[in-house]
There are 2 protein chains.
Amino acid sequence: MTKTIADIAKIAGVAKSTVSRYLNGGSVSDATKKKIELVINETGYIPNTFAQSLKAKKTNIIGTIVPRLDSYAASNTLIGIDEHLRDQGFQMLIANTNQDLEREIESIYSFERQKIAGIILLATVITEAHLEALASVQIPVILVGQQDEHTYSLIHDDFSAGYDLATYILNKGHRKIAYLGVTEADISVGVKRKTGFTTAIENYPECEVHYYESGFKIKDAMGVALKILSECKPTILFCATDNIALGALKAAYIKGLKVPEDISIVGFGGYEITEVIHPALTTAKFYYKEAGQLAAQNIVRLVNGEKVEKLTISKYEIIERESVDKLN
Amino acid sequence: MTKTIADIAKIAGVAKSTVSRYLNGGSVSDATKKKIELVINETGYIPNTFAQSLKAKKTNIIGTIVPRLDSYAASNTLIGIDEHLRDQGFQMLIANTNQDLEREIESIYSFERQKIAGIILLATVITEAHLEALASVQIPVILVGQQDEHTYSLIHDDFSAGYDLATYILNKGHRKIAYLGVTEADISVGVKRKTGFTTAIENYPECEVHYYESGFKIKDAMGVALKILSECKPTILFCATDNIALGALKAAYIKGLKVPEDISIVGFGGYEITEVIHPALTTAKFYYKEAGQLAAQNIVRLVNGEKVEKLTISKYEIIERESVDKLN
DNA sequence: CTCCCTTTAGGAACCGGTTCCAAATTTACT
DNA sequence: AGTAAATTTGGAACCGGTTCCTAAAGGGAG
């Protein structure tokens with residue numbers, strides 16, 4: 001039988017309020033402090049979280065909505081969030097939506113019902129329903145990965161990364177390029193990375209670029225890459241994510257093409273695996289863990305009523321490895 | 001301003017208890033049902049979870065303690081757990097311990113304090129402190145990945161997987177083997193897989209086996225594998241996890257060895273990436289997602305007071321791919 | 001039209017904390 | 001020692017639901 005604060009009070013011979021004050025650092029004399037401490041240690045009393053939250057009308061829980069658990073980006077962002085929240089005395093509650101947009105919306109409302117202090121939404125696309133939910137909810141929200149003017153957002157610098165990586169391969173002499181992108185519903189990955197790429201390309205009018213669209217899964221990308229390699233002969237496959245690049249790598253292998261001698265490949269993300277495969281992948285690395293920490297930092301500030309920039313941009317870095325050939 | 005049940009009652013012109021009964025399916029006349037429904041729809045009233053849990057003295061939340069988020073095994077197990085819990089109307093609360101055993105213990109107590117209905121512990125090692133915590137806690141617990149006689153456990157069939165995979169490579173003619181294992185503190189991965197392996201090896205007394213120990217990280221494994229390849233010349237690197245195999249693959253590449261022509265490699269896990277790299281890795285695949293579902297199923301049964309087997313064993317499969325050479 | 005039984009509705013107590021307020025005690029100072 | 005001020009303590013109300021108990025209303029049978 002777990003004890004309540006009333007039990008403790010009775011055993012210690014004091015009032016409930018005194019025990020509560022003892023626990024929350026109010027004014028209690030040393031003598032009674034001793035008495036209460038003794039009883040609490042003996043009984044192993046633990047306050048009931050619900051009763052506390054009921055009175056406080058809020059929790060110290062930050063809800064994180066994540067489209068999928070099995071992705072490098074998501075995992076590492078979560079790790080960063082968790083790390084910082086723990087430091088700040090908050091708890092992280094994860095809602096996995098399994099890429100179901102409707103569940104994303106549901107989760108927002110469910111968090112509200114549970115009096116969650118704040119929400120971090122690892123977003124892929126922002127629909128009308130999202131905006132409606134975010135507007136109606138009375139708790140602070142931060143978007144990670146996508147930007148929206150109506151909310152606080154933390155994004156990776158997709159445009160610049162796209163621009164820089166394109167410039168890098170252009171400097172390596174590549175002019176015949178296949179761009180393997182994703183749906184434009186995903187503003188960050190589908191639009192911004194591509195815009196960064198095309199903006200860099202514009203400086204080299206002699207370029208021949210073919211655009212393709214793939215899903216996010218390695219196997220989808222492999223299928224598309226296989227088709228590309230049959231149709232035309234680019235010197236490089238410019239892939240919008242590392243997973244797509246992994247699929248492209250596999251496709252090249254299947255076609256008997258050597259990377260980077262026969263064809264070069266680049267990706268975006270900086271997943272751990274890209275470093276240890278052969279050939280190691282040249283990629284634009286994003287700092288997911290740090291981004292998660294930043295997001296957590298911002299949400300804590302918002303919860304505490306402090307001011308936060310509407311838009312935070314997380315850094316990236318071009319990691320030069322083995323998958324890009326220098327053309328003469 | 002969010003409304004309370006008392007507000008709804010007042011607006012609808014009924015008593016709190018009537019509204020509560022309406023919400024929880026008690027006897028309410030059609031006329032008052034209509035009235036209350038109307039008010040609730042208009043106000044967008046949502047019951048306060050804390051007040052509910054306070055009275056009910058329990059939650060419908062299952063706590064899952066996970067050593068790390070960025071692992072294929074952990075992610076997929078979580079996905080399986082989440083899927084089944086959602087079906088059953090439970091919520092999953094994840095506690096990430098970042099491989100800190102102390103935090104694992106803390107999390108158990110923290111879950112108890114929060115009146116979590118049940119705990120799923122994705123375990124790596126079970127210490128005295130674990131047993132003590134598990135014994136003291138009044139809520140059902142299921143261990144996943146490790147076995148302990150004092151609790152309910154769900155494990156992968158590591159012994160048989162080790163035995164079968166060893167038998168497989170033995171049949172392929174390999175006799176000079178380097179075994180790349182992990183710490184024996186991890187009973188499942190460090191001991192059982194290895195025991196399965198050695199048991200199979202005993203049938204072939206002419207074998208020459210060298211045992212090595214690595215960490216779980218790809219880079220650690222790469223370092224150890226590099227050392228092995230300098231020291232001796234096995235025909236196969238038998239790795240206790242896919243990540244270790246990935247490190248071994250990289251080491252082989254660095255050494256200029258072709259896989260599988262110059263050296264064969266196998267692992268355990270069945271991570272998605274092992275299928276798309278070149279060469280694709282032969283491995284003992286575990287069904288993490290299904291294991292998670294099983295674990296969730298069992299914890300729900302325990303929470304409902306139903307009977308559950310002390311030990312559940314999840315299946316595995318040997319996936320034959322390209323990384324093992326057949327020796328004549 | 002009663003009488004009795006079944007529904008429906010309201011009131012109060014309760015879950016386990018926190019907080020406000022007033023009373024009691026201690027401390028400090030003249 | 002006496003009084004004002006500061007500190008400590010207890011009691012009661014409150015947070016927002018659920019549930020028990022009782023009273024009132026509705027319905028059916030005689």
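Since the structure is predicted, the reported quantities are computational estimates derived from the model, not experimental observations. In the text below, chain A, chain B and the rest are named by the order of the sequence lines, each starting its count at 1.
Between B/Ile8 atom CD1 and D/dT18 atom P the separation is 13 Å, expressed in whole Å. One can place NZ of A/Lys35 at 12 Å from C1' of D/dT8, the figure rounded to the nearest angstrom. For B/Asn24 and D/dT18, the CG to P distance is 5 Å, given to the nearest whole Å. Distance, A/Lys34 NZ to D/dT8 C1': 16 Å, rounded to whole Å. Straight-line distance from the NZ atom of B/Lys3 to the C1' atom of D/dG17: 17 Å, rounded to whole Å. Rounded to whole angstrom, the span from the CD atom of B/Gln114 across to the P atom of C/dG16 amounts to 17 Å.
Considering only side-chain N and O atoms, A/Gln52 lies nowhere under 4.0 angstrom from the phosphate OP1 or OP2 of C/dG16.
The 12-atom threshold is not exceeded at NZ of B/Lys58, counting heavy atoms of other residues, nucleotides or ligands nearer than 6.0 Å.
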Per-nucleotide protein contact string for nucleotides 4-15 of chain C (B base, S sugar-phosphate only, - none; heavy atom under 4.0 Å): ----BBBB--BB
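Under the side-chain hydrogen bond (donor to acceptor under 3.5 Å, both in side chains) rule, A/Gln146 has a single partner from A/Asp186, A/Thr124, A/Asp158, which is A/Asp186.
Under the 4.0 Å criterion applied to side-chain N and carboxylate O atoms, B/Asp100 and A/Arg86 are not assigned as salt-bridge partners.
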From CA spacing to verdict: ring pair (Phe, Tyr, Trp, His ring centres under 6.0 Å), A/Phe90, A/His84: CA-CA 9 Å; A/Phe90 282 83; A/His84 187 261; 9.1 Å; no
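Under the 30°/60° scheme for interplanar angles, the aromatic rings of A/Phe286 and A/His156 are found to be tilted.
Within the 4.0 angstrom heavy-atom criterion, no nucleotide atom of any strand lies near B/Tyr22.
No hydrogens or angles considered: nothing links the side chains of B/Asp7 and B/Thr43 as a donor-acceptor pair under 3.5 Å.
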